[in-house]
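Take a look at the structure set out below.
Small disclaimer: the values here were computed from a predicted structure and weren't measured. So that the names make sense, note that chain A is the first sequence line, chain B the second, and so on, each numbered from 1.
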Amino acid sequence: MVTDTKAEETVDAPNENEKKFEPKIIGFLCNWCSYTGADLAGVSRLQYPPNFIPIRVMCTGAVDPVYVIKALLEGADAVLVAGCHPGDCHYLSGNYKARRRIAILKKLLEDIGLEEKRVRLEWISASEGQKFADTVNEMMKETIKLGPNPIKSEWDI
Amino acid sequence: MFFCTCEGTIGLNIDMNELEKRVKKRPEVAFTVKVGNLCKREGQDLLKNEISKSDADRIVIVGCTPRTYEEIIDKGALEAGINKHLLEQVNIREHCDWIHSDKKSATDKAEFLVGGGIARVANALSIEDKEVVLPNKEVLIIGGGVAGITASLELLKRGVIIHLVERNAELGGRAYSLDLERLREDEIILPAIDELTLNEKADIMLNSEVVEIQGTFGDYKVTVNTEDGQKEVVVGGIIIASGSNLFDANRIPEYKYDDEDVIDFYELEKMLVYKNLKVPSTGEKPKRLNFIQCVGSRDENKGNTHCSLVCCTYAIKQAARIKTLSPDTEVYIHYMDLRGPDNGFEEYFLGAQKKGVIFIRGRVAEILRENGNLRMRTEHIELGEVMDFPTDLVVLSVGQEASSGTKKLADMVHLPLDVDGFLGYYNDRFDIVDRRGISIAGCAQGPRGVARSISDAKKAASEIAGILKNGLKAKGVHSVIDENRCMGCKLCEQLCPYEAITMITVKDYITDEVKMVSCVNLAVCQGCGACAMACPGGVPQLIGFTNREIMAQIDELI
């Protein structure tokens with residue numbers, strides 16, 4: 001359960017049943033923008049639920065859709081891929097590659113019966129600590145609405 | 001494994017003792033140590049000591065974000081004999097301790113994060129840091145203005161052979177005709193041009209233009225259209241000193257630049273250099289002369305949004321000069337704000353005021369020619385009035401804007417342009433030679449004066465000469481391609497945003513067949529991972545971020 005007091009304010013689950021569900025979110029954060037943005041959120045002491053777990057990657061363009069699928073198969077309830085704003089990519093065009101890949105991946109997820117909302121692509125720059133915290137809080141809320149990731153229970157992985 | 005408490009700032013919400021106890025149970029962990037400050041000297045000494053005592057071959061550092069002290073900690077580890085690729089920093093400060101106030105869940109999350117770090121480092125590839133030697137040591141300089149000339153001379157001094165491409169028929173650019181900033185043409189520009197043209201190691205191509213640039217750092221093939229037809233030069237690095245253009249005042253029709261008594265500062269400069277100040281229509285000395293500042297600068301509607309930085313200094317200097325040459329001439333400067341970024345500006349300004357130059361704050365609305373007389377309508381902000389000003393001669397202080405070839409050049413070398421259309425890619429506090437051996441000097445990266453162009457050029461030249469001479473280290477994170485497994489599909493070659501991948505032919509290690517495989521140019525590779533992602537066989541691997549590492553981390557985290 002999200003015991004974090006401030007997080008509880010932001011994550012207001014509608015009923016008792018859902019309140020017990022504690023979603024796990026994996027975030028692939030690009031080293032240059034979003035990871036630094038998350039650092040800024042930390043430095044600014046912006047609270048978000050502790051069941052968000054970051055993984056540092058060099059660029060969103062280096063996030064293999066396989067990573068996302070792996071995370072979902074392993075039981076993550078949602079996956080965030082966050083990188084530099086369009087035009088700001090440290091590696092010139094990595095975020096555009098990510099955008100295309102995630103768009104296709106979302107289609108595939110729908111085909112296998114997963115809500116496309118479980119994967120989210122966000123542009124969070126190094127100066128947007130607040131946006132980072134907001135994004136995580138919002139994702140938590142949405143994921144609670146979606147409920148637990150069905151793949152793990154259905155396929156018994 | 002080291003737990004760094006950041007001098008007590010970590011551990012307010014995480015139970016560090018509990019975390020250490022839980023982590024110690026894992027079979028991978030040889031020892032755990034708590035320290036206060038790994039980023040300081042004492043911490044580094046402790047790190048070295050502890051590692052030399054044990055047989056650990058990989059390190060996990062639990063503490064702050066790797067974005068802050070990664071380099072220092074990597075260096076410490078290297079001195080302790082552990083390569084930075086076998087070191088993982090787990091960020092429990094910004095990503096856990098500082099943002100979660102519940103002790104239990106924060107400690108749980110920290111344990112997860114540490115577990116992920118352990119899994120990642122356990123699967124890390126150990127790769128030696130590589131030195132890259134660049135095959136070609138010559139340098140191409142695009143633009144023969146003051147920046148291009150200075151860069152050329154600086155490189156020649158260091159024994160580097162240069163190729164200089166200039167679009168015009170003569171060297172010197174705009175600075176050739178300027179008598180500003182205490183740099184007289186006969187003192188600075190002319191001797192430099194002479195020195196350059198007489199140097200036999202300098203290959204100077206006048207009336208020429210670069211049409212194509214191919215290749216990567218250390219091996220650029222550049223096609224140049226010269227007077228004697230097309231020519232190809234092979235160079236190791238490129239300095240772009242293509243300069244800027246002056247704003248064309250005809251774009252602001254109210255200022256009547258087509259009138260012969262309305263001139264720009266550059267034309268006035270030529271008059272002053274030859275001590276031939278006169279009103280073009282009458283041939284007499286001007287009685288009233290008005291400068292209009294910010295023509296085409298800081299003007300969103302008809303010009304450019306940027307400030308051209310040097311025009312205020314130039315106008316004040318010219319005004320003072322006019323007062324010296326012809327004390328009877330009334331000189332007015334109409335300005336929005338006076339901006340002088342360089343030393344001595346305030347002294348120029350005060351000196352000009354003492355000489356009788358009058359400064360009027362306000363935008364000039366229009367210039368009119370009525371009954372043969374020139375008049376201007378302007379606001380006077382201090383008086384709060386609109387004034388009607390008779391005048392003989394108007395000088396427009398036109399700003400600088402990106403030169404016409406900048407866009408084409410930027411496309412050729414794949415550099416982005418800034419909002420003003422300049423090649424403003426680099427923060428000049430940092431390295432100005434990027435990983436592709438391309439450096440920018442002078443006005444090509446934004447408006448600036450002669451002095452700053454010269455210092456830019458010297459910096460660019462010395463940096464590029466140093467790299468070409470000594471070679472350079474591969475980036476900490478870079479891609480490696482196993483040529484035995486590569487099938488040569490060229491997908492990564494097309495996707496690499498830096499053109500760091502080239503195709504080479506090798507012999508297959510089993511069949512001895514000759515085949516094409518991808519090869520990473522480590523001088524150029526920036527470590528974005530586009531190749532690793534694209535490869536259908538997973539052959540290219542991003543050191544420190546390999547699929548194995550990330551998969552293991554995901555496994556551990558969920």
Side-chain angles (χ1 to χ4, degrees), chain A residues 1-7 22 24 26-29 31-32 35-36 38-68 70-76 87 89-94 97-98 101 126 129 133 136 152, chain B residues 13 64-68 70 88-110 112-113 116-117 120 414-416 477-479 495-498 526-535 538 542-545 547 549-551 553-558:
Chain A
M1 180 51 232
V2 181
T3 30
D4 194 319
T5 46
K6 279 210 180 144
E22 192 183 322
K24 189 151 213 172
I26 295 283
F28 293 96
L29 310 181
N31 181 44
W32 307 99
Y35 193 87
T36 319
D39 283 351
L40 180 65
V43 173
S44 322
R45 310 293 202 272
L46 300 170
Q47 303 279 316
Y48 55 83
N51 28 19
F52 171 84
I53 293 191
I55 294 181
R56 179 162 83 128
V57 291
M58 287 311 271
C59 177
T60 43
V63 176
D64 201 314
V66 175
Y67 299 166
V68 180
K70 163 102 175 165
L72 290 170
L73 288 179
E74 289 288 334
C89 178
H90 186 81
Y91 298 115
L92 311 177
S93 59
K97 289 175 189 141
R101 282 184 190 124
V136 174
K152 204 168 161 73
Chain B
N13 298 317
C64 68
T65 167
R67 301 278 294 137
T68 323
E70 194 171 23
E88 178 72 23
Q89 271 183 270
V90 178
N91 179 0
I92 59 160
R93 190 176 75 170
E94 281 89 344
H95 288 183
C96 189
D97 189 54
W98 285 0
I99 44 169
H100 307 312
S101 47
D102 177 64
K103 213 153 193 163
K104 190 182 163 293
S105 55
T107 313
D108 286 350
K109 178 177 174 179
F112 269 124
L113 292 174
R120 195 159 170 164
H414 308 285
L415 281 182
V477 177
H478 62 79
S479 170
L495 261 181
C496 178
Y498 298 99
Q526 306 257 350
C528 70
C531 51
M533 245 259 37
C535 182
L542 194 60
I543 297 305
F545 293 86
N547 288 345
E549 282 167 74
I550 293 184
M551 289 302 200
Q553 193 181 7
I554 297 172
D555 259 339
E556 196 61 47
L557 288 179
I558 302 172

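In this structure, B:Cys528 SG and A:Asn31 CG are separated by 12.5 Å, a value rounded to the nearest 0.5 Å. The CG atom of A:Leu40 sits 9.5 Å away from the CD atom of B:Glu94 when rounded to the nearest 0.5 Å. Between the CD atom of A:Gln47 and the CG atom of B:Asn13 there is a distance of 7.5 Å, given to the nearest 0.5 Å. Separating the CG atom in A:Leu72 from the CD1 atom in B:Ile554 is a distance of 9.5 Å, to the nearest 0.5 Å. Summarising the geometry, atom OH belonging to A:Tyr67 is positioned 8.0 Å from atom CE belonging to B:Met533; distances are rounded to the nearest 0.5 Å. To the nearest 0.5 Å, atom CD of residue B:Glu549 and atom CD1 of residue A:Ile55 are 12.0 Å apart.
Both the backbone and the side chain of A:Tyr35 come within less than 4.5 Å of a heavy atom in chain B. The contact between A:Ala41 and chain B is made entirely by backbone atoms, counting heavy-atom distances below 4.5 Å. Only the backbone of A:Val63 comes within less than 4.5 Å of a heavy atom in chain B; its side chain stays farther off. In this structure, the portion of A:Leu46 lying under 4.5 Å from any heavy atom of chain B is its backbone and not its side chain. Contact annotation for B:Asn547: both backbone and side-chain heavy atoms come within less than 4.5 Å of a heavy atom of chain A. Using a 4.5 Å cut-off between heavy atoms, B:Phe112 contacts chain A through its side chain alone, with no backbone atom that close. Looking at A:Arg56, both its backbone and its side chain come within 4.5 Å of chain B, counting heavy atoms on both sides.
Counting heavy atoms of neighbouring residues, nucleotides and ligands inside a 6.0 Å radius, atom NZ of B:Lys104 does not exceed 12 of them.
In this structure, B:Lys109 contributes its side chain and A:Phe52 its backbone to a donor-acceptor pair below 3.5 Å. Not a single donor-acceptor pair under 3.5 Å links the side chain of A:Tyr48 to the backbone N or O of B:Ile99.
B:Leu495 has its side chain within reach of A:Lys97: a pair of non-hydrogen atoms, C-beta onward, lies under 4.5 Å apart. The shortest side-chain heavy-atom distance between A:Phe28 and B:Ile550 falls under the 4.5 Å cut-off. Side-chain contact between A:Glu74 and B:Leu557 is absent, with no heavy atoms from C-beta onward closer than 4.5 Å. Side-chain contact between A:Val43 and B:Thr65 is absent, with no heavy atoms from C-beta onward closer than 4.5 Å.
With respect to B:Arg93 and A:Asp39, no salt bridge is recorded, no charged nitrogen being found less than 4.0 Å from a carboxylate O.
When the candidates A:Val66, A:Val57, A:Asp64 are compared by the number of heavy-atom contacts under 4.5 Å with chain B, A:Asp64 comes out ahead. Between chain A and the residues B:Gly529, B:Ala534, B:Ala106, B:Gly544, the largest count of heavy-atom pairs under 4.5 Å involves B:Gly529. Counting heavy-atom pairs closer than 4.5 Å to chain B, the top residue among A:Ser93, A:Ala76, A:Ala38 is A:Ala38.
Listed here is the closest heavy atom pair of A:Pro54 and B:His95: CG-ND1, 3.4 Å.
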